[in-house]
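Please read the structure below before turning to the comments.
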Protein chains: 2
Amino acid sequence: MRRHNLALVLREIAAHGPCARTEVAAATGLVHASVTALAAELIGRGLVAEVGSASSGGRGRPRRLLRLVPGRVVAIAVQVTLERVEVLAADLAGAVVHRASVPHHAPFGDPEPLAAVLADAIRRAEAVVRTRPDAHLARVVIAMAGPVTGPGRTVAAAIDFGWARTDLRALVTAHLPDLACPVDLVNDANVAALAEYHARAEQGGELPYAVAYIKADTGVGGGLVVGGRIHTGTHGLAGEVGHIPLAFDGPACPCGARGCLAMYVGPEPLTAAAGLADIAAHEGVDAALTELDHRLRAGDPSATQALTAAGRAVGAAVLAITGLVDPAEVILGGYLATWYPWLTEGIDTTLSGRRAVAPHLEPTITPGRLSEEATLRGALQTSREATLNTPTQIPHPNPQNP
Amino acid sequence: MRRHNLALVLREIAAHGPCARTEVAAATGLVHASVTALAAELIGRGLVAEVGSASSGGRGRPRRLLRLVPGRVVAIAVQVTLERVEVLAADLAGAVVHRASVPHHAPFGDPEPLAAVLADAIRRAEAVVRTRPDAHLARVVIAMAGPVTGPGRTVAAAIDFGWARTDLRALVTAHLPDLACPVDLVNDANVAALAEYHARAEQGGELPYAVAYIKADTGVGGGLVVGGRIHTGTHGLAGEVGHIPLAFDGPACPCGARGCLAMYVGPEPLTAAAGLADIAAHEGVDAALTELDHRLRAGDPSATQALTAAGRAVGAAVLAITGLVDPAEVILGGYLATWYPWLTEGIDTTLSGRRAVAPHLEPTITPGRLSEEATLRGALQTSREATLNTPTQIPHPNPQNP
DNA sequence: ATTAATATTGCAAGAGTTGAAAAAAATAAT
DNA sequence: ATTATTTTTTTCAACTCTTGCAATATTAAT
């Protein structure tokens, strides 16, 4: 149908920067005439604009380049951590419209105060977006630690916040009766995986069919991207690699099982293994992680040994991921990316046996490129994909000429 | 396009038995007129036929039911095991056209003799199909143990046969220059997973978004079905659950890693744990498995304890699968299905902790329903899906009226 | 200035879907 | 027995969207 082809052209323009109609036609398989008609509609909707001409080297009429109109479609991403609410509003090209970081002191077990903080942060971001002429707020995406389940994926079960089955979207939208756009709830590590996946695209080269992502910061999480889409699983648990068992007779984990990955690479076990349990107990686990960073860079043996042991656990997790999902790449995030040089020895130890038997079947393991931004960028990416696939949902900019 | 809607109507007729045009229109969202036109084309191609009328209770014109023409489109499935080649040819409704079981004595390391046996078996099945008037052979699907990789997924790496990177499809088709249909190579456990997935559909109820399958017989394998499709992974390794590590300091596995699931539930470790290592060494592992079955049914303590221990390993594998893939259901196959009653205690032991913390997030664990037939049926299912999605590739039955 | 090359647009034709109306086939009511 | 009613199927014209060709626009080279 027309909507399908409209989305096809829009995605092509969004993906391959400013490009001419001829290039779009070649890439999409559509005929020139169709691209002209579809591009005209996209221009009419204010999504796409011509941006000067550029000769293609030889003689002939120069191609008139099409690109997304900056600031036309904006999404708001909100990341909830234990201490702060991070907000990033950006357009489809990723240009930042608004950025904020709001500290919060949400009580354990009661989601309502945090919902109020979130609603307030969203309202401020929306106000900034509204000051821009012709800007259309397409979506609000809230990224949280913990599985997102339930019908419509609106329910968060966040152990760190003491919630069980909380319909966070309903709580937040109750504060925002005038908000016209959809509000999505997503898992933070899942969308971070998506962001890292797309960060590959900007480095050129083919996008792999499947990638896995493992991150550790305040907790251990991850995500699976298969065919460009997040695999959420039946209950939103997919990619929760923190609780895959590496030693089924290992130490008991709060999740109820034994020997989970989180018991080997999580912040508490890791700092304890490096001999920093005292600091963690008295000054908090963040302070212990900072100290661990110092000691690693100073070459402290117990610190590097702790990271090598963690690397062995990561290697075992990679083996489990390989057997089940078989991704082309496993991307490490959080402090697993920061401390990647100290992890490689342990990872290689675990994987060496398998690599010797089947060297070409193992995924490449790389540290992530996006660090702190991964989650917010990934949340924006989910909105971006929804928008590019449904361009007809963007209203015409000038109401007198629909 | 037309092809898309044609496939839509055909899939609907195939899925929901004999049904009237009105029902197809309601189920697909198409208009009555379109269904009439599309059904006419399918009837013209000989894929669909009217099968009498049936009053719908009240007054009014009775609906004329449409159904697939039996025997019109046939696929050949071939399963390769260490001792035999099993062949099953059936139409789109699953009606068996031909069945054969050919013993072989393929030498270790040389795929060519087995390729000759396969080609011969395929040629015989094709001859049977050709005797049927109007029957069209759509596809040959060869199911093998071991990962299927390479461009076009034609390369088998079967440890049991001593092959590494063998383009089995090329070897087989070289013997069959006159074969007009495509030949696919698939992993046996992957397609068995697909078959078990579709066996759920016939029992009524919604098909789940994701299911995982674990089977053990001569080896330990599995498959993942996500959104109705087999997830093969980047190298065809996905679902190779036999080599996910359950204890990263456990016993060394031939795959190069340590503590793999296969080291706990594979036939050799399992019979050894039951005290049957002598029988396995002298009479073969199959004899040991038969003896284990007798002892289980007789209530032998060391046998039941071995199964309980294997159940604990299966439970750990389920935890890994839950964290990574989060299926709605984990289906057990091979002797894991046969001996399911003896496994439950061990499975429940491993999962009890997690179930106590998050009871609604765990997959249901069930024994498979298809036993021996799963792989052949699943191979046919892959062909069936390809055919239903591309009905225009079936030629018209009467050449004088195209 | 003319020619060649390349990019975009306009237009008629064609394929396909849609919605309404008509036809077909059975049952219920008169 | 005939008529009305209901349900399913088919026919038909209108409409949408893509396609392929021809025309136009724009620049470099001759």
Side-chain angles (χ1 to χ4, degrees), chain A residues 1-13 16-45 47-67 389-392 396 402, chain B residues 1-13 16-45 47-67 389-392 396 402:
Chain A
M1 312 236 180
R2 152 172 108 267
R3 268 179 300 197
H4 178 258
N5 284 343
L6 205 61
L8 200 64
V9 170
L10 182 59
R11 280 200 304 264
E12 181 59 29
I13 294 171
H16 295 115
C19 57
R21 289 173 178 80
T22 305
E23 296 169 276
V24 174
T28 58
L30 295 170
V31 172
H32 293 156
S34 301
V35 175
T36 299
L38 294 164
E41 174 159 356
L42 292 172
I43 291 170
R45 287 185 181 272
L47 289 168
V48 165
E50 291 190 343
V51 56
S53 9
S55 172
S56 60
R59 48 192 156 178
R61 177 172 173 172
R63 34 188 66 173
R64 285 195 269 168
L65 302 179
L66 300 170
R67 67 158 181 179
N389 285 326
T390 55
T392 51
H396 280 264
Chain B
M1 310 226 184
R2 150 172 111 266
R3 269 180 299 198
H4 179 258
N5 284 345
L6 206 62
L8 200 65
V9 170
L10 183 59
R11 280 200 304 264
E12 181 61 28
I13 294 171
H16 295 114
C19 57
R21 290 172 177 82
T22 305
E23 296 169 276
V24 174
T28 59
L30 294 171
V31 174
H32 294 155
S34 301
V35 175
T36 298
L38 294 164
E41 175 159 356
L42 292 173
I43 292 170
R45 286 185 180 273
L47 289 168
V48 166
E50 291 191 342
V51 54
S53 6
S55 172
S56 60
R59 51 189 154 178
R61 178 172 174 173
R63 34 189 64 174
R64 285 196 269 168
L65 302 179
L66 300 171
R67 68 156 180 180
N389 285 325
T390 55
T392 51
H396 280 264

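Under the side chain to side chain donor-acceptor pair (under 3.5 Å) criterion, B:His16 pairs with B:Glu12, not counting sequence neighbours.
Nucleotide C:dA7 holds its C1' atom 11 Å from the CD atom of A:Glu23, rounded to whole Å. In this structure, A:His32 places its NE2 atom 17 Å from C1' of C:dC11, rounding to the nearest Å. A straight line from CG of B:Leu65 to C1' of D:dT7 spans 14 Å, rounded to a whole angstrom. Atom P of nucleotide D:dG20 and atom CG of A:Leu30 are separated by 11 Å, given to the nearest angstrom. Regarding A:Glu41, its CD atom lies at a distance of 13 Å from the P atom of D:dT16, rounded to whole Å.
Between the CG atom in A:Leu6 and the CZ atom in A:Arg45 there is a gap of 7.0 Å [rounded to 0.5 Å]. One distance of note links CG of B:Leu38 with CD1 of B:Ile43; it measures 11.0 Å at 0.5 Å rounding. A:Leu66 contributes atom CG, which lies 12.0 Å from atom CG of A:Leu47 (distance to the nearest 0.5 angstrom).
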Check: residues 23-37 of chain A side-chain donor-acceptor pairs under 3.5 Å, at least two apart:
unit_1	atom_1	unit_2	atom_2	d
A:Glu23	OE1	A:Ala20	N	2.7
A:Thr28	OG1	A:Val24	O	2.7
A:Thr28	OG1	A:Leu30	N	3.3
A:Thr36	OG1	A:His32	O	3.1

List every contact pair, protein side and nucleotides 21-26 of chain D side both N or O, where the distance is under 3.5 Å.
unit_1	atom_1	unit_2	atom_2	d
D:dT26	O2	A:Arg61	N	2.9

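Between A:Arg21 and A:Glu50, at least one side-chain nitrogen of the basic residue sits less than 4.0 Å from a carboxylate oxygen of the acidic one, meeting the salt-bridge criterion.
For A:Thr22, no side-chain nitrogen or oxygen approaches OP1 or OP2 of C:dT6 to under 4.0 Å. Contact between the side-chain N/O atoms of A:Arg21 and the OP1/OP2 oxygens of C:dT9 is found at a separation under 4.0 Å. The side chain of B:Ser34 contributes no N or O atom lying less than 4.0 Å from OP1 or OP2 of C:dT17. Note on A:Thr36: every side-chain N or O is 4.0 Å or more away from OP1 and OP2 of C:dT8. A:Arg64 has a side-chain polar atom (N or O) that falls below the 4.0 Å cut-off from OP1 or OP2 of C:dT9.
In this structure, A:Ala37 reaches neither bases nor backbone, as no heavy-atom distance under 4.0 Å exists between it and the strands shown.
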